[in-house]
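Accompanying notes for the structure given below.
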Amino acid sequence: MKKENILYLVIPCYNEEPVLAETTSRLTDKMERMIKAKLVSPKSKIMYVDDGSKDGTWTLIEKLHKDNKFVEGVKLAKNRGHQNALLAGLMTAKEYADILISMDADLQDDVEVLDDFIKEYDEGSEIVYGVRSSRKKDTFFKRNTAQLFYKLMTKLGVDVVYNHADYRLMSKRAVNELEKYSEVNLFLRGIIPQIGLKTSTVEYERKERFAGESKYPLKKMLGFALEGVLSFSVSPLRIITILGLLISFISFVFLIYVIVGHFVNGNVAGWTTTVALVCFFGGFQILCMGVIGEYIGKIYSETKRRPRYSIEKILSRK
Ligand code: UDP
Ligand code: MG
């Protein structure tokens with residue numbers, strides 16, 4: 001008989017009180033069906049990671065843990081953001097699990113494709129990416145900004161899987177490899193493709209959040225995109241160097257023109273030109289310094305080697 005693998009669903013939650021009960025009942029139902037079909041072991045669990053929520057999320061997780069044999073919980077001491085919360089969950093769950101699948105609490109990711117994930121794993125994949133087949137349900141704005149983000153990332157040479165968020169399966173082995181990446185500026189979608197191992201993808205349709213609102217407003221989304229670019233690509237620095245060279249060359253030619261003009265016609269360079277140039281170079285230099293500063297900021301936070309999360313409590317039956 002084939003060995004049944006222990007599956008852990010790792011779900012970061014930040015202020016998800018309105019959705020957790022429904023999420024739990026749907027996932028419990030799915031778990032029971034998968035266990036019955038002998039896809040996963042009866043020891044499989046749903047692990048919620050409370051990312052320092054301000055509402056009653058943790059109290060609810062404690063209650064669900066008491067009433068439901070599948071539910072386990074990890075409480076972070078403070079809000080550390082989705083990526084860190086997910087990492088905390090993966091690192092905790094990998095001690096017990098053979099297979100780990102990360103998903104969001106709001107059930108935007110279709111739970112029915114869990115079967116396909118497991119199938120891919122059984123066929124030898126160590127990492128399986130959930131890929132959205134369409135973004136019809138996202139708002140026009142979110143769809144287009146996200147599309148732009150993937151295009152930009154690819155252009156800048158960052159290896160990301162197109163239309164893949166954090167709905168993915170990882171084997172225990174893959175998570176052990178992930179543990180070796182100790183960066184503080186965490187962008188899992190960029191790191192995981194670097195691990196290697198055998199990977200595959202599973203398509204699903206992304207649904208609407210059924211309750212509560214998105215915890216990724218524009219500001220956080222921009223921050224996340226910037227994190228992705230700056231943590232994985234040095235091309236912005238390269239672009240600046242090239243631009244700098246180009247502009248220096250143009251300025252040099254211009255300088256010769258002005259000097260020659262001065263001797264030939266005796267005219268002084270006009271006020272307008274001077275002001276325009278001062279403004280242009282002033283702005284350009286501040287921009288360049290800003291980009292360099294961003295990288296220095298990254299180096300600063302990496303060198304401190306601060307922990308990426310602190311776990312306050314774990315609810316588990318082990
Ligand atoms: N999340 C988190 N910490 C945060 C923000 C979000 O753990 O600081 C979780 C959130 O509870 C959800 C997942 O990350 O399970 C994705 O967030 P959301 O659904 O709000 O993002 P969207 O789907 O709108 O991109
Ligand atoms: Mg969501």
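Values below: every heavy atom of this structure, side chains too, minus hydrogens, waters and symmetry copies. We count ligands from 1, going down the list as the structure has it; atoms in each ligand are counted the same way.
When atom types are taken as modelled, the side chain of S44 and the backbone of Y8 share no donor-acceptor pair closer than 3.5 angstrom. With hydrogens and angles disregarded, a donor-acceptor distance shorter than 3.5 Å links the side chain of S133 to the backbone of Y204. Remark: the backbone N or O of F140 is paired with a side-chain donor or acceptor of N144 at under 3.5 angstrom.
Given atom 17 (O) of ligand 1, the protein heavy atom at minimum distance is Y216 CD1, 3.8 Å. Given atom 18 (P) of ligand 1, the protein heavy atom at minimum distance is R209 NH2, 3.3 Å. Closest protein heavy atom to atom 25 (O) of ligand 1: K142 NZ, 3.0 Å. When hydrogens are left out, the protein atom nearest atom 3 (N) of ligand 1 is D51 OD2, 2.6 Å; that is the closest non-hydrogen contact. When hydrogens are left out, the protein atom nearest atom 24 (O) of ligand 1 is S214 OG, 2.5 Å; that is the closest non-hydrogen contact. Of all protein heavy atoms, the one lying nearest to atom 23 (O) of ligand 1 is Q108 OE1, 2.7 Å. In terms of protein heavy-atom proximity, atom 1 (N) of ligand 1 is nearest to Y14 CB, 3.7 Å. For atom 20 (O) of ligand 1, the closest non-hydrogen atom of the protein is K215 N, 2.4 Å.
Residue I11 does not touch ligand 1, judged by heavy-atom distances below 4.0 Å. Only side-chain heavy atoms of D106 come within less than 4.0 Å of ligand 1; its backbone N, CA, C and O stay farther off.
Applying the side chain to side chain contact (heavy atoms under 4.5 Å, CB included) test between V175 and each of L87, L90, V10 identifies L90 as the sole match.
Salt bridge D109/R206: present, at least one basic N to carboxylate O contact under 4.0 Å. Checked for salt-bridge contact, K30 and E112 meet the test: a charged N lies under 4.0 Å from a carboxylate O. Using a 4.0 Å cut-off between a side-chain N of Lys or Arg and a carboxylate O of Asp or Glu, E126 and K198 do not qualify as a salt bridge.
Of all atoms in ligand 1, numbered sequentially from 1 with element shown, those under 4.0 Å from a heavy atom of C13 are 7 (O), 11 (O). For ligand 1, the atoms lying closer than 4.0 Å to a non-hydrogen atom of A105 are 15 (O).
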*Working for side chain to side chain contact (heavy atoms under 4.5 Å, CB included), residues V71 and T24*: CA-CA 8 Å; V71 175; T24 309; 3.6 Å; yes
_What verdict does the side chain to side chain contact (heavy atoms under 4.5 Å, CB included) test give for K313 and W58, after you've listed the backbone C-alpha separation in whole Å, the side-chain angles of each residue and the deciding distance to 0.1 Å?_
CA-CA 10 Å; K313 228 184 268 173; W58 180 249; 3.9 Å; yes
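Between atom 12 (C) of ligand 1 and the options E16, M103, R206, H82, the minimum heavy-atom separation is to E16.
Residue-to-ligand polar distances place P12 within reach of ligand 1: an N/O pair is separated by less than 3.5 Å.
Contact annotation: Q83 has no heavy atom less than 4.0 Å from any atom of ligand 1.
Smallest separation of non-hydrogen atoms from H164 and Y129: NE2-CD2, 3.3 Å.
At a cut-off of 2.8 Å, D106 coordinates the Mg ion (ligand 2) through an N, O or S atom.
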